[in-house]
4 protein chains.
Amino acid sequence: MIEVGPNAYGKSAIRLVKVVRSETPHRVRDLTVAIALEGDFDASYSAGDNAGVIATDTMKNTVYALAGEHLTGSIESFGIALGRHFLSEPQVGVARVSIEEHAWRPVGPSPDAFTRDASSTRTAVVAVGRDAVTVDAGIAGLTVMKTTRSAFEGFPRDRFTTLKETDDRIMATKVTASWRYVSGEVDYDAAYDAVRSTFLEVFADHHSVSVQASIWIIGKAILERHPDVEEIAMSLPNLHHWTVDLSPFGIANDREVYVSTTEPHGLIEATIRRSEGGR
Amino acid sequence: MIEVGPNAYGKSAIRLVKVVRSETPHRVRDLTVAIALEGDFDASYSAGDNAGVIATDTMKNTVYALAGEHLTGSIESFGIALGRHFLSEPQVGVARVSIEEHAWRPVGPSPDAFTRDASSTRTAVVAVGRDAVTVDAGIAGLTVMKTTRSAFEGFPRDRFTTLKETDDRIMATKVTASWRYVSGEVDYDAAYDAVRSTFLEVFADHHSVSVQASIWIIGKAILERHPDVEEIAMSLPNLHHWTVDLSPFGIANDREVYVSTTEPHGLIEATIRRSEGGR
Amino acid sequence: MIEVGPNAYGKSAIRLVKVVRSETPHRVRDLTVAIALEGDFDASYSAGDNAGVIATDTMKNTVYALAGEHLTGSIESFGIALGRHFLSEPQVGVARVSIEEHAWRPVGPSPDAFTRDASSTRTAVVAVGRDAVTVDAGIAGLTVMKTTRSAFEGFPRDRFTTLKETDDRIMATKVTASWRYVSGEVDYDAAYDAVRSTFLEVFADHHSVSVQASIWIIGKAILERHPDVEEIAMSLPNLHHWTVDLSPFGIANDREVYVSTTEPHGLIEATIRRSEGGR
Amino acid sequence: MIEVGPNAYGKSAIRLVKVVRSETPHRVRDLTVAIALEGDFDASYSAGDNAGVIATDTMKNTVYALAGEHLTGSIESFGIALGRHFLSEPQVGVARVSIEEHAWRPVGPSPDAFTRDASSTRTAVVAVGRDAVTVDAGIAGLTVMKTTRSAFEGFPRDRFTTLKETDDRIMATKVTASWRYVSGEVDYDAAYDAVRSTFLEVFADHHSVSVQASIWIIGKAILERHPDVEEIAMSLPNLHHWTVDLSPFGIANDREVYVSTTEPHGLIEATIRRSEGGR
């Protein structure tokens with residue numbers, strides 16, 4: 001016997017820009033939205049029955065139609081409004097709304113000119129179910145570097161180990177982090193700013209003995225300082241910077257000239273969470 | 001109390017080319033390998049203890065070192081050999097090896113000239129644990145189109161629905177599929193070719209009433225024809241092709257001229273599996 | 001005094017798919033088209049006068065509108081038809097039409113199922129002027145490799161030279177080539193196939209002492225065999241494959257295991273042309 | 001007779017990071033460098049003679065070796081030093097050095113933590129010849145938007161024109177600009193900052209009747225304010241933002257909700273230059 005297992009469907013890469021003209025300067029909201037529905041959709045697969053299949057084109061229209069009224073605050077709030085809308089159809093069990101917000105900053109004192117700040121992307125994934133709503137906020141594409149106070153020593157050596165121990169290396173990574181809020185009232189915009197600030201502050205201040213240790217130190221600080229955050233997951237590529245050997249040319253190179261690389265890269269992924277009551 | 005939750009670490013984007021010179025023509029094996037380890041690594045986070053942290057640089061070296069002896073057959077077999085190697089360290093619980101194989105074809109009768117076939121990528125994810133090994137094979141980047149025998153009708157209409165029903169649309173998608181083999185002996189190369197052939201054959205032959213129905217029809221055929229396959233997951237973007245309205249120019253356009261789009265796109269994801277005995 | 005210098009404007013990334021249903025199997029024409037106009041447009045800059053500025057939106061409409069009637073043969077012919085259309089406006093001096101054709105192949109014997117052949121892209125740039133038309137055909141994204149019969153020796157050595165001479169290296173490159181046809185009647189589809197075949201045949205057969213020498217050998221053969229071709233320009237990145245040093249592990253590696261790289265890469269660009277009468 | 005026409009070769013995508021530790025905070029210089037040589041290289045093509053072919057690997061080494069001593073100020077100065085180095089070989093006629101600088105900003109008051117500012121890339125192309133040096137500075141990837149004071153009216157209408165005139169549209173573009181400095185002493189860092197500031201200020205302040213007019217107004221202002229600049233070339237895609245028609249849903253949409261698009265896009269390219277004495 002063959003059956004349909006886990007499944008979801010929806011619309012991705014919905015590009016939405018909303019200009020709020022009532023503020024000075026204007027405010028530009030630039031989102032990429034994805035909708036995914038789970039629920040009672042087996043018949044759409046095994047019986048070719050489209051009676052319950054909300055068209056993904058309708059999802060797209062809905063995102064634009066609701067943007068005027070519901071995209072007035074955080075992307076998390078907009079996601080919740082969208083998710084609740086799709087639950088009006090009984091076959092939908094969970095509506096998952098993923099939103100990326102691309103930042104635009106005003107140019108000087110101009111009321112109507114903006115420049116895109118591509119240095120990171122704010123993300124949110126809202127899952128609206130019949131009984132519960134989960135809200136995950138996050139950040140993507142935030143590239144950071146420590147030029148000192150980063151080491152990697154004491155690791156095991158086997159036949160294939162050639163890496164030298166170092167007490168002073170460059171650490172660079174492109175951060176993808178996502179944290180889940182406790183249920184209840186959260187000021188999502190303020191919480192995002194606060195978590196991002198803590199991330200950068202602790203990243204800057206700590207001494208790193210490994211990327212793993214950095215994840216722990218940063219994650220622990222975020223959980224300690226922000227009671228609204230239940231857990232945080234980080235995915236940190238280790239973007240290696242190798243000291244260039246200039247000795248064949250009679251040139252010293254004491255942590256000055258590096259080659260930066262993207263292939264291959266380390267990849268360290270972990271969740272830091274509250275061990276009691278948090279889940 | 002704060003603790004380390006689920007975590008893994010390793011090396012990604014290890015680019016390996018092996019030239020088999022004992023065959024005529026030569027054979028080019030072009031792989032991108034990623035290693036990820038799970039196990040007893042909490043202390044590397046919470047105590048900054050690197051004593052068990054096999055360096056990701058060592059992982060990279062290991063992939064190259066073992067390629068000579070162990071990359072002689074399928075990427076799945078190479079992945080199993082790599083995974084077993086990393087289990088020689090007791091702190092490792094599961095070694096997950098992900099491999100992409102990029103195809104090269106001989107140019108004419110030449111023994112030593114090749115052209116890259118970028119039309120799809122073969123993938124494998126092998127998870128070697130203390131008690132079990134799972135092998136998932138797959139394909140990525142296979143872009144296919146049906147120019148007729150594709151419809152989408154009978155879907156629900158609400159206030160935000162503007163999509164017209166159609167009994168003849170273009171269906172195009174960029175396939176990502178992954179299937180799990182039953183445990184035991186499998187001829188991975190032959191199985192891959194067979195599943196890929198079935199995919200293309202059924203894709204070409206069936207009448208599609210929706211992407212969901214296509215996933216079912218193709219997935220069911222693969223499970224029926226290939227007893228080695230326990231389940232198959234597909235992720236199919238619906239790459240919309242919209243008929244261009246040429247009527248303002250007095251030009252008819254009966255399913256002839258389309259604009260192809262990537263943003264936004266539908267996204268349909270499902271697993272088709274055996275309902276008894278398969279898991 | 002400040003003035004407008006060289007300028008052009010137009011529409012890029014026009015995505016057009018045409019399905020030819022009168023053939024069995026159907027034929028899928030998948031193009032990306034760009035239009036650029038040069039001519040008497042200074043006033044649109046310095047005086048803000050749009051009276052002569054054909055809207056780029058109109059260009060897009062025109063591409064779709066003319067596809068039915070004029071996209072019946074080669075992309076070069078379609079480009080010429082498009083270019084001539086835009087010259088109907090007197091302010092246009094040259095209409096440059098750039099077209100990429102993305103290949104689709106039928107799946108088995110099916111009349112209506114196709115798979116995208118992403119292994120290379122056919123290109124054309126047609127410049128239709130008041131007095132002359134130039135037609136450049138080309139190929140992009142064709143990745144090729146020689147596993148032997150490639151060397152690099154005899155180069156100069158200075159203080160910063162560490163590269164060893166080698167009489168047997170891997171040569172790999174991602175070809176971008178563009179050739180200009182002599183004016184007059186050319187069977188563009190046949191010519192494209194012929195030049196592409198010559199490229200691959202000579203690439204496979206020749207012994208390479210450098211990428212430069214390969215460009216010469218291939219380019220010369222193309223000019224010798226194809227009188228319709230006036231000159232050919234090639235841009236060949238040297239995608240280095242470095243032999244992995246496995247000696248620290250006691251493993252021999254005689255041209256077997258390589259690391260493939262993309263950064264940094266050599267880049268060799270040259271035009272091979274007829275020295276008399278060709279221009 | 002067949003001959004070698006225009007040609008150049010070199011190394012691209014050389015990734016270099018230099019950490020200046022003598023400043024507090026440290027300074028991170030993150031460059032991507034490309035070297036291209038032109039000169040007496042015909043024999044390397046037509047005779048396979050490598051005697052004059054400086055290995056591209058040597059070029060890479062040279063970039064790293066000279067970074068310590070010569071990358072102390074602007075990327076333009078580093079480019080000139082690199083170019084002069086390569087002219088020490090007599091067969092080199094022109095050494096072209098292209099550099100992208102990727103910006104890093106300190107995190108808070110930390111002396112050693114940085115975040116990548118991906119909002120734009122500074123560029124320089126230096127061509128060092130036997131008789132002359134040209135220096136082109138530029139900016140890439142600077143994405144800007146005007147939410148009002150942008151129009152497009154008065155353009156010609158033909159059979160294929162459907163675009164409506166508008167006196168209030170969004171204008172968005174991803175700027176690539178490059179300006180040539182007059183020969184002689186220039187403070188390249190100060191000049192870059194000044195030109196960039198003028199670009200943003202004029203972009204923000206002006207009323208745009210077309211992208212062409214914007215290029216003129218911005219370019220003219222840059223030439224007027226910066227006598228060091230001889231000419232400026234801009235390549236501005238018109239990244240269309242279309243007002244979403246929400247009227248089918250009974251929702252008004254007065255310049256509030258837009259769909260942002262990348263395909264197709266307008267593309268306007270022009271050089272603004274001094275008409276006397278500048279060239």
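Order of the sequence lines sets the chain letters (A, B, ...), proteins ahead of strands, with each chain counted from 1.
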Given side chains that start at C-beta, do those of His102(A) and Ser260(D) come closer than 4.5 Å, heavy atoms only?
no
Note: vs chain A, highest number of non-hydrogen pairs under 4.5 angstrom among Thr32(D), Val20(D), Val144(D) is Val144(D)
For Ala204(A) versus Val107(D), what's the shortest heavy-atom pair and its separation?
CB-CG1, 4.0 Å
Heavy-atom pair with the smallest gap, counting every atom of Phe203(A) and Phe114(D):
CE2-O, 4.5 Å
Per-residue contact mode, Val28(A) against chain D (heavy atom under 4.5 angstrom):
side chain
Check each atom of Ile170(D) against the heavy atoms of chain A and say whether the ones under 4.5 Å are side chain, backbone, both or neither.
side chain
Check: Arg21(D) and Thr148(A) side chains under 4.5 Å, non-hydrogen atoms:
yes
Hey, which of Lys18(D), Arg255(D), Met171(D), Arg116(D) has the most heavy atom pairs under 4.5 Å with chain A?
Arg255(D)
Between Val244(D), Val259(D), Ile251(D), which residue shows the highest count of heavy-atom pairs closer than 4.5 Å to chain A?
Val259(D)
OH of Tyr258(D) to CG of Asp30(A): how many Å apart, nearest 0.5 Å?
13.0 Å
Give, as side chain, backbone, both or neither, the part of Leu246(D) having an atom under 4.5 angstrom from any heavy atom of chain A.
side chain
Under a 4.5 Å heavy-atom cut-off, does chain A meet the side chain of Leu16(D), its backbone, both or neither?
both
Taking side chain as everything from C-beta outward and backbone as N, CA, C, O, which of these in Val19(A) sits under 4.5 Å from a heavy atom of chain D? Side chain, backbone, both or neither.
both
Under a 4.5 Å heavy-atom cut-off, does chain D meet the side chain of Arg29(A), its backbone, both or neither?
neither
We want to know whether Asp112(D) and Thr147(A) form a side-chain donor-acceptor pair, criterion being a heavy-atom distance below 3.5 angstrom.
no
Just so I understand: if I count every heavy-atom pair under 4.5 Å between each of Gly108(D), Ser119(D), Pro111(D), Ala103(D) and chain A, which residue has the most?
Ser119(D)
Side chain from CB out, backbone as N, CA, C, O: work out which of these in Leu71(A) comes under 4.5 Å of a heavy atom of chain D, or both, or neither.
neither
Give me the atom names and distance for the closest heavy-atom approach of Gly68(D) to Val257(A).
N-CG2, 4.3 Å
Where does Val175(D) contact chain A at under 4.5 Å (heavy atoms): side chain, backbone, both or neither?
neither
Identify which part of Ile14(A) has an atom lying under 4.5 Å from any heavy atom of chain D, answering side chain, backbone, both or neither.
neither
Checked Pro25(D), Ala65(D), Ala252(D) vs chain A; the most non-hydrogen pairs under 4.5 Å come from Ala65(D)
Treating Thr115(A) as the side-chain partner and Met145(D) as the backbone partner, does any N or O pair qualify as donor plus acceptor under 3.5 Å?
no
Top of Lys146(A), His241(A), Arg149(A) for chain D proximity - count of heavy-atom pairs under 4.5 angstrom:
Arg149(A)
Among Thr261(A), Asn61(A), Thr262(A), single out the residue with the greatest number of heavy-atom pairs under 4.5 Å to chain D.
Asn61(A)
Would you indicate whether Glu69(D), at its atom CD, is surrounded by more than 12 heavy atoms from other residues, nucleotides or ligands within a distance under 6.0 Å?
no
Mind checking the OH-CG spacing from Tyr64(A) to Asp245(D)? Nearest 0.5 Å is all I need.
13.0 Å
